[in-house]
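A quick write-up on the structure given underneath.
Letters go in sequence order (proteins before strands), and every chain restarts at 1. Below, all heavy atoms of this structure are taken into account, side chains as well, without hydrogens, waters or symmetry copies. Quick caveat: nothing in here was measured; it's all calculated off a predicted structure.
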There are 2 protein chains.
Amino acid sequence: MIGRGLASGAGQVPVVARICIVLIASLCAICAGDARAEDGHALWLRYAPLDEATAIAVNARLGPPELFGNSSPMTQAAQSELSRGFDAMLGQSGRGVILARAGQLPGGDSGLAEPLAGLPSGGYRIAQRHDGRVAVVANDDIGLLYGSFALLRHVASGANLDAIDVTSAPALPLRMLDHWDNPDGFVERGYAGRSIFNWWLLPDHLDPRLIDYARANASIGINAVVVNNVNASALMLTPRYIEKLARLADAWRPLGIRVWLSARFSAPRDLGGLSTADPLDPQVRRWWKDKADEIYRAIPDFGGFLVKANSEGQPGPQDYGRTHADGANMLAQALGGRGTVIWRAFVYASGSETDRVKLAYEEFKPLDGKFASNVILQVKNGPLDFQPREPFHPLFGAMPHTRLMLEAQITKEYLGFATHLAFLAPLWAEALGADTGHGEAGRALTVAQTLAQGGMAGVANTGSDRNWTGGHFDQANWYAFGRLAWNPDLSADEIAREWAAQTFSRDPAFTVPVAETMVGSRQAVVDYMTPLGLAHQMGTGHHYGPAPWVSDLSRPEWNPTYYNRADKSGIGFDRTVTGSDALAQYAPSVAVHWADAATMDEDYLLWFHHLQWDYQTQSGRTLWRELVARYDRGVAAVDAMAAQWADLASYVDARRHRDVADFLAIQKREAHWWRDASIAYFGAVCGCDLPPGTRTPAHSLDWYEAQRFPDAPGNP
Amino acid sequence: MIGRGLASGAGQVPVVARICIVLIASLCAICAGDARAEDGHALWLRYAPLDEATAIAVNARLGPPELFGNSSPMTQAAQSELSRGFDAMLGQSGRGVILARAGQLPGGDSGLAEPLAGLPSGGYRIAQRHDGRVAVVANDDIGLLYGSFALLRHVASGANLDAIDVTSAPALPLRMLDHWDNPDGFVERGYAGRSIFNWWLLPDHLDPRLIDYARANASIGINAVVVNNVNASALMLTPRYIEKLARLADAWRPLGIRVWLSARFSAPRDLGGLSTADPLDPQVRRWWKDKADEIYRAIPDFGGFLVKANSEGQPGPQDYGRTHADGANMLAQALGGRGTVIWRAFVYASGSETDRVKLAYEEFKPLDGKFASNVILQVKNGPLDFQPREPFHPLFGAMPHTRLMLEAQITKEYLGFATHLAFLAPLWAEALGADTGHGEAGRALTVAQTLAQGGMAGVANTGSDRNWTGGHFDQANWYAFGRLAWNPDLSADEIAREWAAQTFSRDPAFTVPVAETMVGSRQAVVDYMTPLGLAHQMGTGHHYGPAPWVSDLSRPEWNPTYYNRADKSGIGFDRTVTGSDALAQYAPSVAVHWADAATMDEDYLLWFHHLQWDYQTQSGRTLWRELVARYDRGVAAVDAMAAQWADLASYVDARRHRDVADFLAIQKREAHWWRDASIAYFGAVCGCDLPPGTRTPAHSLDWYEAQRFPDAPGNP
């Protein structure tokens, strides 16, 4: 028997070998997939193997990879990603996709390119050719790259290719990440370890994870990266660092990412030995021109400079009696037609008597039309500072002759650091979709529409942590930022579902409830931190935990009490005509919605109005009771998130499930802390009793006020 | 044919299946191995699959895992590691090892335990049982753990088990890593990213890599970890941090690692609100006693305190007119029988007129016999500060009534950071093997022998970098430190070979030449940085690059010129009787070897002697020419290392090979820089021409002196 078996087996070697090869290939893909995925390092580019039926259906639409047109580093990057993705998902190699530049399709398929006419750079179409095989068609190489990633996303999210026909193009030209990373590796407001940039080893050694970083960015359409902190070190402009930056630019170019620098405005003094940085001084102008020339010699496609000037102690043109436009235009001239200056609108004056949220508008509105054509003004989503909820910034729509960029914060400085699950797509979608009231002839002009000549910048949440972002769900915010910058009309739920499918499991029994929870998570943070339009109630400096009682900081607008204005009689900041009248900075058609406390959306109530504690809210409760109810709602939402995650254990690998569960436990504790400390303080100020049936805070107000966290991360 | 093939194939399913399973299992192991190994994260615990012949031979000595005696968290850790290792190396599961406590062997095998009698804790024997199967026998659970790792090392290094009979026990009781990690994640003298400890997330979340860290330590016998910087923050002693530390202690306990803290001597003032930290003050003594009690309630096996006092600005007992013994004994009493105080001997006084290398001896020699029995004095390997080469510290052998610990620096503060390949085992072996001259009746008393009641501490080189240590070859220094602390008699070559086999490839065509290069690499650094006994010629503060010209620092002993004493007439520090007479701190039988420049080992020449530039060295060359020849020898050695590594590409996966090649390119450039800058400076001081045929420095002396590196890592 043994002899016969062996002999017969030997005769079957080709069959055995074939079966084994198939099995081994798929097993290897699984092994590799598991090894990659379990720690979160693979991000949404995890490419988990497909179930058999889907794999067969997808396979039927693929074939040998083909490229119509010349190969380039960018088409090679696209093909390499397609191989990586389909090999992992299908468990075999050799299957691929047709990539074709619009003008180079063979006759029978030339119609495929028609919808691409007039699309901006990066647009693509994914559709079936006459033979049923899937093709990615684009006007340019970057379109082929984006189309390839879109195709992989489509399949990785669980869809098949049988009726695919997708045409897409970016709504905004600049889709940028801003890194608040210092050259020494510290990340301001970073909660995921140190910087991903190891400048010390560049240009000699490039960490391969910087290629993975660029792949992740390219997969969601990000095309620009500011590599250093807006509180900028002049070191980044020295020849030694330009050489380092050039190595990075070379590595990222095939993935469509341009490098940018935050420029320290005083660099001509700091590095150049000049006695001034006055933007109208000829020597200063020469210094910047020479510096720009030096950079462009090393990096021909250098993006340009991002500048934080005359804000929070940074140098700027006002040091020399010049305007922001003088400063920006001087740098714009140095760059010439080669690059762009992005000038931040985030300024507020020390000791000003006016309302802090009015300052950027007051400073920049008069400069509309004064900026050079290669200057973009970068405006935060709201007029304060990345709070859990703010109304949109009144500069959007109010600067028709200025290119605008919206600055969002992906890192969660004010929303629980890396540990709280707070999906930010709803926050950004709320801002992007807001009607500014500045449309012509009564038509809507949304915030997103005002960005058409600029774009969106997100303050990155990446770090050296293995999973990039500290919390696994923080990856979703990086992802959502890119997806919304590509298409501001995407819904938060849609983004959440496709992210969850790629990152954890394609099973709708997982993605549907998880996406629902993600979409609700931001309101939960608003509720347990700063409900009803409250803002900036966080701990001093580090912004960790509740501190609504703090009133002793040197600048009035740094104090939580400046924003809550809570006293015996009431709470809230009167920004109507009877108060700071910040409301007047909005178009009348918008302002009218926030003018009347009785009818307005109460999510913004205390942002605009100071009201008595016994004011009756729309729920019928007094303001005090409504406030308590909102805190309780936030806490209950986090409790529910943690319970739901425990129920979903079977869909997620053990390590990542435990990681998230650990973080949700932290969030639960901290949500209760926020609620308890806030109620303890406001109750004491108001002299109000807790509503019947309400849980008493776990500690005394003194205890909450005594907490100190000198070690909170991210605080410069 | 197809039909027949299929039918026949179907008939063979069991055979096919069996073959496939075997293939898949080994393939998966390979895939997993590759995925783990290619970035260096797996360290020497990579467990690469064995070749077929070795696997068969090893398999024959294994069987179902068995444990004689009760299971414990520690035996579970041992069994888990054995499964992990053998599954990966053999490509199958179910094969295992017999673990037996000495008293619990069945009758026929009880003789196996005989060599264990009287061995210290952690000793083990690996041998064959009567049935030929391999057993690990030990007196205690930690011995079983160490024996399991030793067995895995044996197999992973490429040996088979046919005649295995190894008995081993640790030579030194304390085998410790000192982390110079601050609570905020910064690592003083760290070159591998930020700290591996994310204190912010503890105790709620424990990074799984901290378990891998403990596994790596246990595998080489390390049993103690000081988790924070000797320049200590009092924050580490607060209740919040004790809770964090307890989580770590719980996680590490099964792997035999005890946690220790660096204690800030002024903590009773900083945290306790006292007005003094005087060690003789009753309130201070009470504060420390209470603090120790608090710690032991949370961590019953807490190791104790490491203290840097009255050194480089740190607080200490001398602030109150007390001695180091007063300070150490006060803390020792607070710990009581529960723990140990490790007191650092690294002190030097400001503005002292004497020779800095004499200060520790002068300070501590008079205190011999004055320390409590649970105090250990921690002495650096040499009397200066972790230089590429120093003579051993004169305190070794001179403190017969004091427990001593040798402090080595694994992180390469003075040996090229993480980028230079410098294997430190030869440096440490040189110190450990030195005869102190203090033996009785003319017998040798080596430095290692003086540590029998103490141990070895190594300043860790770990960080958040994926490969833990920045450079792949820096892993070898962590490994070598542990191996030498277990057995100071191991040769550097032996350690290098077993490390290289486990880490890269078992092929002797790889391990033999690589080990030879590693062993020579330390002398190369000595040659290109500080040849002939020079020391401390590094750049100010960060210690990066050459700066032999620096003479303007506020403390004389911070200046390289203080150490080189180079002038028109000669170079070197006269430490003989005509100079500082530091030589007199050594036993006469040792001092005599260094007293005569003409006959001594010239590796220490300028450490002990100031000599004319035209002094004739043993090579027949003048001192100046010998100096140049040594620099050139160092540079040539690095050039050769880089060339050799390029030749060995076929033995190493592509990513790690490229990583190392990148770093060797940096080392080459920096070795040339060191040589060129040093020759430019000393040549100018001496007024000497370059020897004929010698390469001229690439730049002028001015150029070298103008280099600035404000961004060099690790500098506090």
Side-chain angles (χ1 to χ4, degrees), chain A residues 5-6 8-9 11-12 14-16 18-21 23-25 27-32 34-36 39 41 183-186 191 193-194 198-201 204-209 233 235 240-241 417-419 463-466 470 655 658-659 662-663 665-666 669 709-713 715, chain B residues 5-6 8-9 11-12 14-17 19-21 23-25 27-32 34-36 39 41 183-186 191 193-194 198-201 204-209 233 235 240-241 417-419 463-466 470 655 658-659 662-663 665-666 669 709-713 715:
Chain A
L6 277 176
S8 172
Q12 296 302 322
V15 173
V16 172
R18 252 185 295 149
I19 296 174
C20 280
I21 285 165
L23 275 171
I24 287 164
L27 261 285
C28 259
I30 292 167
C31 296
D34 282 348
R36 274 208 317 277
D39 59 11
H41 189 70
D184 68 0
F186 176 78
Y191 312 104
R194 59 173 273 136
N198 187 335
W199 293 107
W200 184 250
L201 293 182
D204 305 281
H205 180 69
L206 182 85
D207 186 339
R209 88 180 278 165
S233 163
L235 194 62
R240 209 155 57 86
Y241 274 78
F417 295 2
T419 33
S464 60
D465 279 4
R466 183 64 182 161
R655 171 164 171 185
R658 190 185 58 237
D659 288 346
D662 283 355
F663 278 29
I666 293 172
R669 190 181 61 235
F709 304 93
D711 51 337
N715 195 17
Chain B
L6 277 178
S8 169
Q12 295 303 321
V15 174
V16 171
I19 297 175
C20 278
I21 285 163
L23 276 172
I24 287 164
L27 260 286
C28 258
I30 292 167
C31 295
D34 281 350
R36 274 207 316 277
D39 59 11
H41 190 69
D184 68 0
F186 176 78
Y191 312 103
R194 60 174 271 136
N198 187 336
W199 293 107
W200 184 250
L201 293 182
D204 305 281
H205 180 70
L206 182 84
D207 187 338
R209 87 179 278 164
S233 163
L235 194 63
R240 209 155 57 86
Y241 273 78
F417 295 3
T419 32
S464 60
D465 278 4
R466 183 65 182 159
R655 173 166 168 184
R658 188 185 60 235
D659 289 346
D662 283 354
F663 278 30
I666 293 172
R669 188 181 64 234
F709 303 94
D711 51 337
N715 195 19

Could you tell me which portion of [X] (side chain, backbone, both or neither) has an atom closer than 4.5 angstrom to a non-hydrogen atom of chain A?
{"X": "B:R240", "value": "side chain"}
{"X": "B:A712", "value": "both"}
{"X": "B:F417", "value": "side chain"}
{"X": "B:D184", "value": "neither"}
{"X": "B:S233", "value": "neither"}
{"X": "B:F663", "value": "side chain"}

At a 4.5 Å cut-off on heavy atoms, which part of A:R658 comes close to chain B: side chain, backbone, both, or neither?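 Side chain of A:R658 only, per the 4.5 Å heavy-atom cut-off to chain B.
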
Apply side chain to side chain donor-acceptor pair (under 3.5 Å) to A:D207 and list each qualifying residue two or more places apart in sequence or on a separate chain.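 So A:D207 forms no side chain to side chain donor-acceptor pair (under 3.5 Å) with any residue.
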
I need the minimum non-hydrogen distance between [X] and [Y], along with the two atoms involved.
{"X": "A:H41", "Y": "A:R466", "result": "ND1-O, 2.7 Å"}
{"X": "A:P710", "Y": "B:L235", "result": "CG-CD1, 4.0 Å"}
{"X": "A:P713", "Y": "A:Y191", "result": "O-CE2, 3.4 Å"}

Given the options A:D711, A:L206, A:D662, which has more heavy-atom pairs under 4.5 Å with chain B than any of the others?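 Highest number of pairs under 4.5 Å: A:D711.
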
Which of A:P183, A:A418, A:P208 touches chain B most, by non-hydrogen pairs under 4.5 Å: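 Top count of heavy-atom pairs under 4.5 Å with chain B: A:P208.
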
Taking B:R194 for the side chain and A:G185 for the main chain, is one N or O donor matched with an acceptor at less than 3.5 Å?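 Answer holds: no.
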
Anything under 30° is parallel, anything over 60° is perpendicular, the rest tilted; go ahead and classify B:W199 against B:Y241.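 Because their plane-to-plane angle lies in the 30° to 60° range, the rings of B:W199 and B:Y241 count as tilted.
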
Does A:R669 reach the side chain of B:D204, with side-chain heavy atoms less than 4.5 Å apart?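 SC-SC contact between A:R669 and B:D204 confirmed.
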
